[in-house]
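Worksheet: the structure to be examined is printed underneath.
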Amino acid sequence: MAPTTPQFRACMAIATVFAAMMLPNWRGRDDLFADNRRPTEYQVKAAYLANFAKFVEWPAGSITDDSPIPVCVAGQDPFGPALDAALSGERVGGHPLVARRIDGLRDVDGCRILFVSSNEALIDSVGSVERLPILTVSDAPDFLKHGGMIEFVLASNRVRFEINLAAARTAGLNISSELLRVATTVRKTP
Amino acid sequence: MSLYFGLIYAYIYNQLKKVKAGSNGAAENGGEQSARGAPLAAFLVWLLLIPVCALECAAAPGPDPATGERLRQLSLEELGNLEVTTASKEPEEVWKTPAAIYVLTKEDIRRSGATSIPEALRLVPGVDVSRIDASTWAVGVRGFGSRFSQSVLVLIDGRNVYTPLFAGVNWTVQNVMLEDVARIEVIRGPGGTIWGTNAVNGVINIITEKSGDTQGALISGGGGNLEQGNAAVRYGGTFGRNFSYRVYGMAFRYGPELHPDGNNFDDWELGQGGFRLDWSNQKRDSISVQGDLYKGSVGESQSVAYYSPPAMRAINADEDASGGNILFKWQRKVNKASDFLLQAYYDRTWRLTSQLGEKRNTFDLDFTHHLRIFPRQELTWGLGARWSPSEFIQTVPTIVFRPFHQADNIYSAFLQDEIAILRNQLSLTLGTKFEHNIYTGWETLPGARILWTPTTRQSVWAAVTRAVRSPSRVDEDLELTDLYATTPVPQYLQLAHNGEFASEKLLGYEFGYRKLVTARIYFDLALFRNNYNDLASYGEPVIGPETSSNPPGLVAMIPWINGLVGTTEGFEIAPDWKPTPWLEMRGAWSYLNMNLRSKTGSDPGSTIAVYEGSSPRHKVVFQTRISLPKGFEFDPAYRYVSALPTQFPTGLPADYVRAYSTMDFRLARQMTRSLELSISGQNLFQPGHAEFSGDPGPLVLIRRTVYASVTWRQRESP
């Protein structure tokens, strides 16, 4: 077979790519975030939820001594084990964070952070918890318009968030300036 | 679960049979042995790899928790700069769709190793993809596979690529840069209520990414023994907050498939470029403009009848194909209860083959409005118009479309109401489309669908829908003459249109069930029965003298009539099992039984055999995806396709498309965050196998192929 046939060229191309593929230690220290090991959207959102607790002050008395801070998920749970993994071992002011799944907004008793899954009925009724000391978070579009406090948005495959400061004030929550600085937009009027 | 074991047993059984056949064959023909040994070795390696990998990866920390651990150390700002893999919103939508829908995601396409859309569709349940030669495919949904995928509607970003000349899709020129594809939605079953005529057996919706999601540079290149060269370049950027764009260019070249007679006609090449602009005003308006231009040269072999000797000539010539399109979309959210979409496009196609040529310009305008008038009703209505003037170019005396100039115009209106009978549990969707075409006038395409989601883990749906395939130029305007015999005098067959060809009609009954058995096992079942009426067939020939031939001879005028009725029934089962984050297994078993008969009791042209022979009875696909340490991915897939019953009834064994089982694989490694290398192979079990007939000469054998590629993506640092 003459060395210029397409078959020969194909063999050479494949052999070259295969040899390159087998090179050891090509990948550097960013190994974990290479394409197929990128975190999932909800792993990052879970990490945010764990972080939010550090930047929010609840009204005095709403968090009792030594009791854990429940992070609730209302409706269909999009996190799976990612939320429990993100919260386990995290402490805020000495309080451990725990994940709790609830069916609807009637069961929010005790929740301090509430993630509302993207379900129309739930989003519509978020007003029913607006005066409770609960940080409400969702990725539903227009969540802020419905009186929610933090809305995740995806931009170029990155998870960012917007804050409705007026809603947080209604609930008596104090959001630290550091969190406001990182938010893509902050809505100050209801 | 048990289904998987069943599939694996079937697989092993098949292989054993083959080994036995192989050893018998080897006694007769020693040269065959190595070719048969290779797939067996590949199969054994695959079987061994799974348990080995299971042990290896179970011991090593999986990617999931490790990633989670790293995330905990990041600040808020770092989290915001991290690129994530988004589980698309589809699962939820698919769950609540009262239709047999299957979505190929970006990841599915990447890991299939496919380099063209028809090849990617091989994994979809209920879709039969048969490669005819290097440049053409027969794609059928629930039967009726043909080179132009008659009765399947294909849309690229909402642009209809069904050609009214042949009533179908010319897959050769429907190319997109696969890295741009966000997802391909395949809806099996009639979709006329929304998509109109020609969405009879299925709809294939190819949706590309918004330009905001394809930012930065991407360069990819590859080559192998069939696809000899492929290069693609893309760049995406932004202007300010609201405006983003991308431009791309790509070119590829295929060599011929295997031809037993050595007539290697089917090499082809194509170049294409295009752009997309997206503008969005926060959440209220979004506008996109996109366009493509292509030009290609496609090797073809055609047998053409002539009126002078030699009366039958096999012509090898390159088809000259080019075209372009520009598409504009405006989506506006008027308020919480109302949104609309306005879409307009222009599409130009040009093709010149040794048989015919056509120039076509299509202008299309569509408006869709979705609103909630009453609390429990989602109303969608729309209007559409299409103007599609075309010009036929005659290249041989025996193929003529008359009139030469014609505009295929369509006007349509549709209305659909989704009624929530029990909120979040039971919904009923009623709708109808009215569409006017130039051949049969108004067509009515009603449909009713019901969806029951008793729990969040299972859904049940059922549908009754009417669909039609309206006549196209090939049904009404084509004067085609073929040669039957040359002695004692030339005898011709001529297709005779009477101008009374009606639409082909379908009334489809469907039922579906989806269940999330555990968080990691998903199961999808669809059953269907389609009742067809007025399917096209040949009528009784009338014999007369043919005077235009030299020497004068005879001609049999064969009417093209709506002569057949019949049913198809079948099912598709598609389980999906993801035992660990690094392993996923998917299967699909599609079954089809076609039962057609002639209204008059006679079928002189054997059209029934052609239809029934066009699609396999069984198709089984079994795909495994393994994410290995050090950035490796290994994705083997097994396919079994049963024989095509005598597709063209010559009675010669060489013309039968036999059952085949074969294997594809992809081995890839993410070398750095930007660089990916991959090697993929297709049809590994045999040097070549036939999938469909259609070209002159002996059946074309589809090759065993290997393909290597390099992809570099520009990435911002996390």
Side-chain angles (χ1 to χ4, degrees), chain A residues 6-7 9-11 13-18 20-28 30-48 50-51 55 76 78 80-82 85-86 89-90 118-121 141-142 145 154-161 178-179 182 184, chain B residues 63-72 74-77 79-87 89 92 212-213 215 222-226 228 238 244 255 283 336 423-424 456 519 627 630-633 667-673 675-679 705-710 713 715 717-718:
Chain A
Q7 301 295 323
R9 285 200 299 267
C11 282
I14 287 147
T16 311
V17 169
F18 188 74
M21 205 182 267
M22 293 306 151
L23 288 176
N25 294 327
W26 182 314
R27 290 148 60 83
D30 52 10
D31 198 32
L32 274 177
F33 293 122
D35 210 38
N36 60 345
R37 303 287 166 86
R38 270 200 254 168
T40 65
E41 180 185 341
Y42 282 95
Q43 272 182 317
V44 170
K45 286 179 179 172
Y48 267 122
N51 259 298
F55 300 99
Q76 201 158 8
E90 287 285 336
S118 200
N119 170 314
E120 222 165 89
D142 289 342
K145 276 190 195 157
L154 269 180
S156 309
N157 289 326
R158 289 167 176 82
V159 182
R160 306 273 166 79
F161 58 89
E178 203 175 336
L179 194 61
V182 180
T184 48
Chain B
D64 231 9
T67 310
E69 200 49 50
R70 165 100 189 250
L71 288 176
R72 297 162 72 114
L74 299 183
S75 70
L76 284 171
E77 266 145 329
L79 282 172
N81 286 327
L82 211 56
E83 258 191 87
V84 296
T85 53
T86 49
K89 304 282 178 234
E92 175 81 353
D213 294 329
Q215 293 289 295
N225 63 336
L226 177 71
Q228 293 170 352
T238 53
S244 61
K283 286 169 185 169
K336 213 187 118 195
R423 196 162 177 164
N424 291 328
T456 54
S627 303
K630 306 245 177 248
F632 278 102
E633 291 170 340
L667 175 68
R669 188 178 181 196
Q670 195 73 37
M671 306 300 293
T672 69
R673 291 181 64 245
L675 185 67
E676 184 192 275
L677 301 182
S678 82
I679 295 174
T705 66
V706 191
Y707 178 82
S709 76
V710 180
R713 286 178 172 84
R715 287 216 195 282
S717 45

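Chain letters run A, B, ... following the sequence lines, proteins first, then strands; residues in each count from 1.
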To the closest 0.5 Å, what do you measure between [atom1] ([X]) and [atom2] ([Y])?
X	Y	atom1	atom2	answer
A:E178	B:E77	CD	CD	7.5 Å
B:L71	A:Q43	CG	CD	6.0 Å
A:R158	A:E41	CZ	CD	13.5 Å

**OP:** Among the options B:G223, B:S678, B:S709, pick out the one with the most heavy-atom pairs lying under 4.5 Å from chain A.
**Re:**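 Between B:G223, B:S678, B:S709, the count favours B:S678.
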Subject >> Interface residue of largest heavy-atom contact number with chain A, from B:L667, B:T238, B:D213, under 4.5 Å >> reply: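 Of the candidates given, the most pairs with chain A belong to B:L667.
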Original post:
Checking heavy atoms, do the side chain of A:A15, its backbone, both or neither come under 4.5 Å from chain B?
Top reply: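 For A:A15, neither part sits under 4.5 Å from chain B.
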Subject >> Structural part of A:A50 lying under 4.5 Å from a heavy atom of chain B >> reply: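 No part of A:A50 comes within 4.5 Å of chain B.
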Where does [X] contact chain A at under 4.5 Å (heavy atoms): side chain, backbone, both or neither?
X	answer
B:V706	both
B:S244	neither
B:L226	neither

Original post:
So, B:R669 side chain and B:L677 main chain: donor-acceptor pair closer than 3.5 Å or not?
Top reply: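 No, because the side chain of B:R669 does not come within donor-acceptor range (under 3.5 Å) of the backbone of B:L677.
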Subject >> Largest heavy-atom contact set with chain B, pairs under 4.5 Å, which of A:P78, A:A46, A:A121 >> reply: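 Among the listed options, the one with the most contacts to chain B is A:A121.
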**OP:** Output the option from A:V182, A:I14, A:T184 having the highest count of non-hydrogen pairs under 4.5 Å with chain B.
**Re:**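 Of the candidates given, the most pairs with chain B belong to A:I14.
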Original post:
Between B:E676 and B:Q670, which heavy-atom pair has the shortest distance, and what is it?
Top reply: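 For B:E676 versus B:Q670, the nearest heavy atoms are OE1-OE1, 3.5 Å.
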Original post:
Is there side-chain contact between A:V159 and B:L79, with at least one heavy-atom pair below 4.5 Å?
Top reply: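 In short, these two side chains do not touch, never coming nearer than 4.5 Å.
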Original post:
Do A:K45 and A:F161 have side chains that get closer than 4.5 Å, going by heavy atoms?
Top reply: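 Heavy-atom side-chain distance check fails, nothing below 4.5 Å.
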